[in-house]
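This report refers to the structure that appears directly beneath it.
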Amino acid sequence: MADKLVADKHLRYILNLMAEKKKESFESVVMDHLRMNGAYWGLTTLSLLDKLGSVSEDEVVSWVMTCQHESGGFAGNTGHDPHVLYTLSAVQILALFDKLNILDVEKVSNYIAGLQNEDGSFSGDIWGEVDTRFSYIAICCLSILKCLDKINVKKAVDYIVSCKNLDGGFGCSPGAESHAGQIFCCVGALAITGNLHRVDKDLLGWWLCERQDYESGGLNGRPEKLPDVCYSWWVLSSLIMIDRVHWIEKAKLVKFILDSQDMDNGGISDRPSYTVDIFHTYFGVAGLSLLEYPGVKTIDPAYALPVHVINRILFTK
Amino acid sequence: MHGRGRNEASKPEETAAKALELRSLQSQFMSNHHQKIYTQEAIQLSAKLLGINPEAYTAWNYRKLALVSRINDDSDPSLVNSIIDEELGVVKKALDRNPKSYEAWYHRKWVLSKKGHYYTSLENELQLLNDYQKQQLVNDYQKQDDRKHDNLRNFHAWNYRRFVVELTETSAEDELQYTNMINDICFSIYSAWHYRSVLVSSLVAKKADGFMPKETIRRELDYVHNAIFTDEVKQSGWFYYYLWLLDQTLKMETPLRFSSWPSDGSIITTFCSESGSFPLILYFDQAVSGVNSSTVTIDSELQGHEDLVWEPVSDNKNSQVDSCVWVAHLKFDSREPCFSRNEYKVKVSLGGIVSSMGCNLSTPYEFVFTVLHTVGESSQQGIVSWTDGFDNWDDAQSKDLNSLIALDADAGFEWRKKAIKIEIDHLRNLPDSKFGKLILARLLMAEETMISDDAVKGFHYTEILQLYNDLIALDSWHAQYYKDEHSVALLHKVTSSTKSMSRHLFRYRKMNNIVCLRLNNLTLSRIAAVEKLLFVQMLDLSHNELHSAEGLEAMQLLCCLNLSHNRIRSFSALDSLRHLKQLRVLNVSHNHIRGENPVDTTRYLCSSPLSNSGEVGREVPCKYWDVYLVLRDFMEMKQFDIRGNDLIFSGEEFSSFVRQVVPKLVWLDGHKLTN
């Protein structure tokens, strides 16, 4: 069993993924369309391990810009259609490199603001899928770009609150069941807009702390499901934003994340002895960051970017 | 990405070949998409691509464009049907590959929303969904028995179900029957219990036949007992029972309750030579809006009370904001005629206030208090001590504690009380069960608030505190949660009667004998019962385990606060104190405030540029931002103590910053400041 974070191995794992030679494996081709997300996961992990300098900033930034569509939104990779999911990742990547100034902020923010619906909800793209994930994305992205006033914040917040369930959690739309991923999105959006008083922190905090599995120490996303490292982020960041993180057993969660590492090849998986991927590597490291694991920089629980990046953006005019 | 064993990787030659095939498909598809080619061949290519890679979202977009290019409102119905069939077929293949593909489920929904009314096989949709959900998985690596019902846990399918139910106008009663069927298959499907709560809520709200609140709750309670008392390990039934059913039983038709300072029948004393004001504090147990001078009217001999400005105790001062605590300041001037008598009455009437849960005050509520005016002694000159200069509380002066008063008659009181009693008996008979004990503790707390008879009030607290101690031993991972609950119960116990409170009450001689409440050394990790403490002016919470000042904002009369020797880790944790406009003395010495936080758990609970709240545009100094955001509102602060905190800032620089931000500061860290 693991007793420490093998940061060097994870660094090598990420750099390999981002390099040319890995691009022709089946796994890589099948993920082609979400490379923008993958890049955000990989680069943020590097930043948390203080190794962002290991990649070529120019190469990454110029590739990101090739993914911008004429509508202002970004696609998952060059040539694909735009969607808010990738637009946020693109903005986050530029924020990591302190390169937000190369953006036509008006264009990007208009793309996002244009996707708000009458009831305050957000569609992911022109095809109209509505989900509170997109509410979070819009609010997070516009806040980073300092254009939050382009949307109707009150309606956006009211829509999110209409997705609140009787267990204190949130679903993807009104009536949908609570799920830790959706909860992170809704709590994050409410946090960024200064509306956490609309969350019943005790009720939700208890539901969230009950996600911890007694056998493994890991967290699941909803009752009766298996624990998974990605919930170390979704559940943990939510608990931190509402100041209830002291309700879980942190040491056991650290152990679960560390045990899910591939100690030989690097990378972190969804649970011990399963296949690693960049998604879980990021969430594992981000989780450890929130658990104050030594050697990992602090990540902001609402914006999902390192604290020093967010402070730099939001505390300067 | 999820659920693949680490050593399951396939042979390299196989993956290289598959990769090449997919790469070629993808580039052909992209070419068709960019050139807007929607021939049969091109469309079939996209289907092939999606069969291998259901998450290639651009291909789903393409198919939508292709559909729109082939059919319009005048198209032949049989053509429309065959195209819909084709689309649903592609979705089905994609879902066989990945039943959790957002894009695939949405495509199905998009097609049917657009053309569903043309679709002759629409009524099959629900049946197909039922078949999918009830199908049991038999996979090699899913050894656990429970995983075979994972189709029932697929939330995409449940969300899609709600869409189909709406499209086909299926009744809520029928859907409730369906959840009964699901529960018969497996009691631990949270999705089914959640759906049940949504269905039952809507049937009760619609006042459907057979769904009046009382009979529905009784029926559901009996139904749920089967699920939870027989198999305690599975959580889902417990969550339905506790979080929804009992919540409904307790909260349904509950009137709004409130407490105030001054309270009904009380006598308050003002000290001043010429003029001043005193606060009028209203505390509601549900957040309310619309508190203003038309909904809350004052009848008194004082001039100028018609224009009273009510403000919520929150950062947003808009009167439409929902807040539990509201404050107004009643001004007086000694030149007014009523002052010659040194005593006058004030009558307050509440009406027309709406709570966030929809409670409406049907009849106005009035309360009256008396104001005594005395020529004042000069206010505090010397440094305030927390150890010397205190007199014991004179029982003869005992106030009636402000318990929460119900603002309307309690309609459903009796049946709710009975239902709770029955559940308490059931839970007491369960063997050692974590959920059983926790819910029992909660129900006993709820019963306490329902009791109005002073003779039996406070009876349950010993049992409640014991239950939380048992839980800490039984479930150590959640110890901090049970500790917080224990603190809440303890505070309610201490404040449950005048007798128990008076042991903690004192008067501070040096400040006109103001009321001091001592709650130190009680291992408190959380603040509660504040509605009963509105009259407290000096509060000692030292030597406890508090990590946040959350809850103290309601105590609007507070002028001296001692939080020393607690577990406060950041300035943002003190944010609630910004609302205490009378605060003059604050001691936060011997905590864990470093000034630079690895992880700040109260970062988003205070207003700052990060949460787009507070005064936008006001220049915030970068270096001490979290210090500044808290201290900037301490306009009356004279005495501040932050020793023993391991602050990362150097003494001199920090002191000078504090002096800049807190204009009236006289004593810092025990020393008098020189000019």
Side-chain angles (χ1 to χ4, degrees), chain A residues 24-26 29-30 32-34 76 79-81 83 127-129 143 148 165-167 172-173 175-179 191-194 196-197 203 206-207 209-210 212 214 222-225 228 240-241 243 245-249 252 262 269-270 273-275 277 279 290 292 298 302 310 314-315, chain B residues 1-6 8 15-16 18-19 22-23 26 30 34 53 55-58 61 64 102 106 110 146 153 155 158-159 162 188 190-191 194-195 197-198 234-236 239 243-244 247 314-315 477-478 480-481 547-548 550 598-599 601-602 604-605 607 609-613 620 622 625:
Chain A
E24 293 318 301
S25 73
F26 181 72
V29 180
V30 112
D32 211 46
H33 62 281
L34 53 69
H80 287 257
D81 287 352
H83 194 284
W127 296 107
E129 183 188 2
S143 183
L148 207 48
N165 292 318
L166 304 149
D167 49 25
C172 63
S173 54
E177 75 177 278
S178 302
H179 177 280
I192 292 172
T193 55
L196 282 177
H197 55 276
L203 188 59
W206 181 67
W207 190 89
C209 81
E210 282 290 328
Q212 194 161 26
Y214 288 106
R222 46 194 174 119
E224 329 280 16
K225 298 276 290 188
D228 184 324
I240 285 182
M241 286 189 272
D243 192 17
V245 71
H246 56 290
W247 287 356
I248 59 160
E249 173 42 84
K252 297 279 196 279
D262 182 334
S269 56
D270 45 343
S273 310
Y274 277 58
T275 312
D277 58 56
F279 176 84
L290 293 178
E292 300 180 56
T298 312
I310 281 305
L314 293 172
F315 283 111
Chain B
M1 269 192 299
H2 285 92
R4 289 175 55 211
R6 193 164 290 176
E8 262 178 42
T15 72
K18 276 180 10 185
L22 187 57
R23 183 58 88 196
Q26 275 178 191
M30 276 302 186
H34 290 309
N53 189 4
E55 275 94 59
Y57 71 97
T58 307
N61 295 349
K64 292 179 179 72
Y102 283 93
Y106 181 65
W110 182 87
D146 210 28
R153 297 192 172 96
F155 66 81
W158 286 103
N159 288 338
R162 288 181 301 116
S188 68
Y190 194 82
S191 313
H194 164 82
Y195 192 34
S197 72
V198 172
K234 303 296 181 193
Q235 288 193 340
S236 300
F239 279 101
L243 291 178
W244 188 74
D247 196 62
S314 87
D315 281 311
W477 287 24
H478 293 127
Q480 290 306 313
Y481 170 67
H547 75 273
S548 157
E550 189 186 352
V599 174
T601 60
T602 39
Y604 287 97
L605 296 173
S607 63
L610 297 168
S611 57
N612 292 285
S613 53
V620 178
C622 212
W625 74 266

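Order of the sequence lines fixes the chain letters, A, B, ..., with proteins taken first and strands second; residue numbering starts at 1 for each chain.
Counting heavy-atom pairs under 4.5 Å between each of Tyr57(B), Phe155(B), Trp244(B), Phe239(B) and chain A puts Tyr57(B) at the top. Annotation: maximal heavy-atom pairing with chain B below 4.5 Å, among His83(A), His33(A), His80(A), occurs at His33(A). Ranked by heavy-atom pairs under 4.5 Å with chain A, the list Asn159(B), Val198(B), Leu22(B) is led by Leu22(B). Highest contact tally toward chain B, considering only Lys252(A), His197(A), His246(A), is held by His246(A) [criterion: heavy-atom pairs under 4.5 Å].
When atom types are taken as modelled, the side chain of Arg222(A) and the backbone of Ser191(B) share no donor-acceptor pair closer than 3.5 angstrom. Under the 3.5 Å distance criterion, the side-chain polar atoms of Asn612(B) are matched with a main-chain donor or acceptor of Ile192(A). Under a 3.5 Å cut-off, the side chain of Glu224(A) and the backbone N or O of Ser236(B) do form a donor-acceptor pair. A donor-acceptor pair under 3.5 Å links the side-chain atoms of Tyr106(B) to the main chain of Trp127(A), judged by distance alone.
Residues Asp167(A) and His194(B) bring no donor and acceptor atom of their side chains to less than 3.5 Å of each other.
The contact between Ile248(A) and chain B is made entirely by backbone atoms, counting heavy-atom distances below 4.5 Å. At a 4.5 Å heavy-atom cutoff, Ser314(B) makes no contact with chain A through either its backbone or its side chain. With a 4.5 angstrom heavy-atom cutoff, His478(B) touches chain A via backbone and side-chain atoms both. Proximity to chain A (any heavy atom under 4.5 Å) is shown, for Asn61(B), by both the backbone and the side chain. Proximity to chain B involves both the backbone and the side chain of Val30(A), based on heavy atoms less than 4.5 angstrom apart. Residue contact with chain B, scored on non-hydrogen atoms closer than 4.5 Å, involves the side chain of Asn165(A) exclusively.
The two atoms that bring Gln235(B) and Pro223(A) nearest to each other are OE1-CB, 3.8 Å, heavy atoms only. Across every non-hydrogen atom of Arg162(B) and Ala176(A), the tightest pair is NH2-CB, 3.3 Å. The two residues Trp625(B) and Phe315(A) come nearest to each other via the heavy atoms CD2-CZ, 3.4 Å. Taking each heavy atom of Val599(B) and Leu290(A) in turn, the nearest pair found is CG2-O, 3.6 Å.
The aromatic rings of Trp247(A) and Tyr481(B) lie perpendicular to each other, with more than 60° between the two planes, well past the 30° mark.
In this structure, Tyr102(B) OH and Glu129(A) CD are separated by 8.5 Å, a value rounded to the nearest 0.5 Å. For the atom pair Asn53(B) CG and Asp32(A) CG, the distance stands at 9.0 Å (nearest 0.5 Å). Going from atom CE of Met241(A) over to atom CG of Leu605(B) covers 10.5 Å, rounded to the nearest 0.5 Å. Considering CH2 of Trp477(B) and CD of Gln212(A), their distance stands at 5.0 Å, rounded to 0.5 Å.
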- request: Could you walk me through whether Thr602(B) and Asp243(A) pass side chain to side chain contact (heavy atoms under 4.5 Å, CB included), step by step?
  value: CA-CA 6 Å; Thr602(B) 39; Asp243(A) 192 17; 3.4 Å; yes
